[in-house]
**Q** 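My questions all concern the structure below.
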Amino acid sequence: MDYFAGLTLKNSIKDIVDVLIVSYIIYVLIKMVRGTRAVQLLRGIFLLVITWALSTWLNLYTLKWLMNQMFTFGIVTVLIIFQPELRRALEQLGRGKLFTRASPEEQDVSHQINEVIKSVNYLARRKIGALIVFERNTGLNDYIESGIKMDSRLSSELLSNVFIPNTPLHDGAVIIRGNQIMAAGCYLPLSENPFISKELGTRHRAAIGITEVCDAISVVVSEETGQVTLAINGQIVRDIKEESLISKLFEELRPQFKAKTTEWAFWKRKEGDNRG
């Protein structure tokens with residue numbers, strides 16, 4: 001008797017675990033399709049299922065036959081319709097990210113960097129000069145007040161439009177706080193470092209200067225060459241490539257990956273750039 005009781009308890013635990021795993025998988029799948037066109041497609045499929053159930057219950061033979069024919073080829077149809085979502089799910093599964101969840105802070109930083117990178121690429125291809133400053137722990141209110149306050153949601157389109165030549169806000173710096181563009185046309189302190197290359201103009205000196213007086217990060221697009229420069233702690237990396245820029249911004253802006261010291265091996269390879 002005890003044996004059967006233990007077996008029943010074991011089977012009950014297995015059933016509970018089974019239901020929990022399936023429920024979690026369904027929850028993850030719902031999160032994946034939420035906000036995509038797949039939601040509308042799922043509603044259509046749900047309506048077809050209801051129609052099939054009603055035709056079965058009311059013995060509507062013709063409609064039931066039609067529904068059965070649709071479901072016969074339904075699996076192939078679903079695979080075709082949901083191909084983008086299935087591909088994305090398999091890619092995330094391969095990267096081990098299907099069942100992981102980014103924190104709100106990481107999502108904010110991802111959005112922040114993605115929008116800035118898209119804008120920087122757009123500006124660099126067209127050789128449009130730009131100076132973008134990321135606020136970190138040290139507040140930049142004094143410099144925000146020197147420009148035109150925007151307090152707008154960060155987007156690559158808005159950021160790119162600010163720096164279009166011969167527009168009211170294209171001169172000066174844009175200051176970003178989180179996912180907000182706080183102000184444009186801001187005046188920044190110029191670096192007085194005598195070792196800075198003479199090739200660098202006012203925009204680059206301002207980018208270096210703001211990082212010398214606080215922990216901000218600056219990204220500069222040169223209007224002469226279209227090269228992108230990154231400035232942190234008074235040091236710069238000129239002509240930084242997109243992958244390196246993304247990596248460094250993530251490292252510095254994500255809370256759990258903020259640097260604890262001001263000396264990194266990353267700069268050793270580039271230390272001659274700010275000496276001309």
**Q** Does Glu157 come within less than 4.0 Å of Lys118, counting only side-chain N to carboxylate O?
**A** no
**Q** How far apart are the C-alpha atoms of Gln112 and Ile176, what are their side-chain angles, what is the distance that settles it, and do they pass the side-chain contact (heavy atoms from CB on, under 4.5 Å) test?
**A** CA-CA 9 Å; Gln112 182 184 25; Ile176 295 174; 3.5 Å; yes
**Q** Group every Ile, Leu, Val, Met, Phe, Trp and Tyr by side-chain heavy-atom contacts under 4.5 Å, then state whether Ile217 and Ile132 land in the same group.
**A** yes
**Q** Shortest non-hydrogen contact from Ala173 to Leu188?
**A** CB-CD1, 3.6 Å
**Q** Between Ser146 and Tyr143, is there a donor-acceptor pair closer than 3.5 Å when you use the side chain of the first and the backbone of the second?
**A** yes
**Q** Is the shortest side-chain heavy-atom distance between Asn59 and Tyr61 below 4.5 Å?
**A** yes
**Q** Let me see the working for Tyr122 and Ile117 under side-chain contact (heavy atoms from CB on, under 4.5 Å), right down to the final yes or no.
**A** CA-CA 9 Å; Tyr122 175 89; Ile117 291 297; over 6 Å; no
**Q** side-chain hydrogen bond (donor to acceptor under 3.5 Å, both in side chains), that's the test. Do Thr211 and Asn233 meet it? Break it down for me.
**A** CA-CA 5 Å; Thr211 67; Asn233 294 325; over 6 Å; no
**Q** Looking at Met182, is its backbone amide N or carbonyl O close enough to the side chain of Asp151 to form a donor-acceptor pair, meaning the two atoms are under 3.5 Å apart?
**A** no
**Q** Using the rule that Ile, Leu, Val, Met, Phe, Trp and Tyr join whenever any side-chain heavy atoms are under 4.5 Å apart, tell me whether Leu158 and Val133 fall into a single cluster.
**A** no
**Q** Using 0.5 Å steps for rounding, measure from the CZ atom of Arg203 to the OG atom of Ser222.
**A** 7.5 Å
**Q** Would a 4.5 Å heavy-atom cut-off, applied to side chains only, mark Ser191 and Ile196 as touching?
**A** yes
**Q** Salt bridge or not for Arg126 and Glu223, using N-O below 4.0 Å?
**A** no
**Q** Which pair of heavy atoms, one from Leu123 and one from Ser160, lies closest together, and at what distance?
**A** CD2-O, 3.9 Å
**Q** Under a 4.5 Å cut-off applied to non-hydrogen side-chain atoms, are Lys248 and Leu230 in contact?
**A** yes
**Q** Quick one, Arg153 and His111 - any side-chain contact, counting heavy atoms below 4.5 Å?
**A** yes
**Q** Are Ile240 and Phe134 linked, directly or through other ILVMFWY residues, by side chains that come within less than 4.5 angstrom of each other?
**A** yes
**Q** Quick check on Leu60: does its CG atom have over 12 non-hydrogen neighbours (other residues, nucleotides or ligands) under 6.0 Å away?
**A** yes
**Q** Could you state the interatomic distance from CD1 (Ile175) to CD (Glu135), rounded to the nearest 0.5 Å?
**A** 7.5 Å
**Q** Going only through I, L, V, M, F, W and Y residues with side-chain contacts under 4.5 Å, is there a path from Leu159 to Ile210?
**A** no
**Q** Out of curiosity, Ile236 CD1 to Asn193 CG, how far, rounded to the nearest 0.5 Å?
**A** 9.5 Å
**Q** So which heavy atom on Leu131 is nearest to which on Ala207, and how close?
**A** CD1-CB, 3.6 Å
**Q** In sequence, state the C-alpha distance, the side-chain angles, and the governing distance for Val219 and Val228, and then conclude on side-chain contact (heavy atoms from CB on, under 4.5 Å).
**A** CA-CA 7 Å; Val219 176; Val228 180; 3.8 Å; yes
**Q** Would the distance check show the side chain of Ser247 and the main-chain N or O of Glu243 forming a donor-acceptor pair, the cut-off being under 3.5 Å?
**A** no
**Q** Is there a donor-acceptor pair under 3.5 Å between the side chain of Asp239 and the backbone N or O of Gln227?
**A** no
**Q** Is any side-chain heavy atom of Glu224 closer than 4.5 Å to a side-chain heavy atom of Lys127?
**A** no
**Q** Under the salt bridge (charged side-chain N to carboxylate O under 4.0 Å, His left out) test, which residues partner Arg205, sequence neighbours left out?
**A** none
**Q** I'd like to know if the side chain of Thr167 reaches the main chain of Ile164, judged simply by a donor and an acceptor atom lying under 3.5 Å from each other, with no hydrogens or angles considered.
**A** yes
**Q** Taking it one step at a time, do Glu199 and Arg238 satisfy salt bridge (Lys or Arg N to Asp or Glu O under 4.0 Å)?
**A** CA-CA 11 Å; Glu199 298 176 358; Arg238 297 173 64 181; 3.1 Å; yes
**Q** Look at the side chain of Thr56 and the backbone N and O of Trp52, then say whether any donor-acceptor pair between them is shorter than 3.5 Å.
**A** yes
**Q** Does Val220 belong to the same Ile/Leu/Val/Met/Phe/Trp/Tyr cluster as Val120, with side-chain heavy atoms less than 4.5 Å apart forming each link?
**A** no
**Q** Hey, could you give me the CD1/CG distance between Ile113 and Leu245, rounded to the nearest 0.5 Å?
**A** 8.5 Å
**Q** Roughly how far, to the nearest 0.5 Å, is the CD1 atom of Ile208 from the CD1 atom of Ile232?
**A** 12.5 Å
**Q** Is there a side-chain contact between Phe250 and Ser110, using heavy atoms and a 4.5 Å cut-off?
**A** yes
**Q** To the nearest 0.5 Å, tell me how far Ser155 OG sits from Glu115 CD.
**A** 6.0 Å
**Q** When you look at Leu169 and Phe163, which way does the side-chain contact (heavy atoms from CB on, under 4.5 Å) test go after all the steps?
**A** CA-CA 7 Å; Leu169 300 178; Phe163 292 108; over 6 Å; no
**Q** Can any side-chain N or O of Ser152 pair as donor or acceptor with the backbone N or O of Met150 at less than 3.5 Å?
**A** yes
**Q** Tell me the closest heavy-atom pair linking Pro165 and Ile128, and the distance in Å.
**A** CD-CG2, 4.0 Å
